[in-house]
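None of these values were measured; they are calculated from a predicted model.
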Amino acid sequence: MSGSPKAEDCDVLIVGAGPTGLTLALLLARRGVTVILAERATEPYALPRAAHIDHQILRVFQELGIADAIVATCRHSPRYDFVTADGQVLLRLDGADRIAAGGWHSANMIHQPSIERLLREAVAAQPNIGLRAGWRLTGLGGSCDTPAAEFETEQGAQLIRPRFLVGADGARSTVRDLAGIGIDDLDFDESWLIVDTIVSDVSRLPEVNLQICDPARPTTCVLMGEGRHRWEFMVKPGERPDDLLDDAMIGRLLDPWDVAGAVEIERKAVYRFSARIAEQWQRGAIFLAGDAAHQMPPFAGQGLCSGIRDAANLAWKLAAVVGGEAAAPILETYQREREPNVRAIIGLAVMMGRTVCITDPDAAAARDAQMLAARAANQEPAGAAAYPDILTGLIDAGTPGAGSYFPQPKAGPSRLDDLLGPGPWVVARETSPSSGAVPCFSLDDIEPFGAEVRHWLDKHGADAVLVRADRYVFGSGPVGELTARYLADLRGHPAARNGRVGIH
């Protein structure tokens, strides 16, 4: 870059300081990786966006030491109901307020600016992270294997040469565009009016999350964090989105809810709900995460969650490669592990959206009859969606439990991860020598959580389980063999596995 200043180096450059980028930066820095986090905005976005995180995401925030503070800003709904225009329940998803496998409430309604504030405070306290606000990415020099990121800033042109670059810069990702990565459009495109409100009288608002499957106006009504509530109204065919932003029109849309004087509008916007997945999440040393890699309709509440799962999957792998503990090919498992999970979640969200977004009265009546009959026959889903395990990637496929999400027992205020640390770790029935690289704990070592972990081992007929840093199970079996296979896979030496396939 002609006339540019001397390039600055770092292990990982992350473009985009939203929840995904902030979380990834913190997970990397806590593992000794030097990170530059570049954000084009000069100040954090102050208004609500995402409405929900689940138990797995709070478990990630637990590792960062901010989960309790986040929960203090959350609200919990006991269920998620899909109802007809006259209030008949078509589908009920119960258990949202119960403790789930991750050791936290299954569903947590959030105030995103509060989460970002806590993440930024943690970033500010982390010496391994340099946050650069007001930096706009303008070009990618070098090659995909040795990228050189060019930025426009108030101080003039800046150049960063990272070992790895991650685009966490949203649905209109500049990193994705500059890297020449295409998008797979999954054929869902609907416009909705979002109305976020500050609540002064919570007694006048619904206590559960609702999807109103009314062909006259499909509507969403959900709790938010920190004394807020959200309505979403579908923009119907033939309507001009701008007309719906008129305060008088919003007042008419809210009239049936009888909340005049109980809420104050904080934000109004028309969004296009879409379903898209990047064709590649890695090109050389360049990666995509969060909305840069995938976008989904909000009906399953998994947009932000999916970005945090990306960060949790990618962080430990990048850190292991940077630290010399693993060979670069493990990074090729990132998309292979994450994309099937994301596609399943998008499929669920699209199914929910297509169920709700029916505006033809006859089609809606047919839908209602079918779903009411299924509910009467007790054929509806019993609870929150079960997302697929990791089926291929850095797992010991063929051993019981490999690729599944490992549960976190809770005992009073304590949780398993608080005792065992960030991982990876092995839990075995009996005391076994540690490999050094992978700490090993016996059931006696992990009291008061031993009984629940013993139940997992019994269920899978296993002597021991090796859990990765992202809380997914690498595999199970005898401790020595299990640890050796894990380390062989990290180092790219599958021959050490006595003929077993390494990284799938």
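At a threshold of 4.0 Å, the pair R343-D184 counts as salt-bridged, since one of the basic side-chain nitrogens sits closer than that to a carboxylate oxygen. The existence of a salt bridge linking D196 and R230 is confirmed by a sub-4.0 Å separation between a basic side-chain nitrogen and an acidic carboxylate oxygen.
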Q211 and M352: CA distance, side-chain angles, deciding distance, side chain to side chain contact (heavy atoms under 4.5 Å, CB included) verdict: CA-CA 9 Å; Q211 290 286 355; M352 289 178 164; over 6 Å; no
Worked check of salt bridge (charged side-chain N to carboxylate O under 4.0 Å, His left out) between R120 and E39: CA-CA 12 Å; R120 281 182 175 249; E39 167 58 47; 5.2 Å; no
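Side-chain N/O atoms of T197 and E266 include no donor and acceptor closer than 3.5 Å. In summary, the side chains of R309 and Q302 do present a donor paired with an acceptor at a separation below 3.5 Å, with no hydrogens or angles considered. Side-chain atoms of D11 and T34 include a donor-acceptor pair closer than 3.5 Å. A donor atom on one side chain and an acceptor atom on the other are not found under 3.5 Å apart for N108 and H52.
Between W425 and F406, the angle of the ring planes goes over 60°, which puts this pair in the perpendicular group of the 30/60° scheme. Under the 30°/60° scheme for interplanar angles, the aromatic rings of W135 and F151 are found to be tilted.
A side-chain donor-acceptor contact under 3.5 Å links S77 to the backbone of N209.
Ring centroid separation for the pair F299 and W192 comes in under the 6.0 Å cut-off.
Taking all atoms of both residues into account, the shortest heavy-atom contact from E226 to H111 is OE1-ND1, 3.3 Å.
Residues W456 and S404 have side chains in contact (heavy-atom distance under 4.5 Å, counting atoms from C-beta outward).
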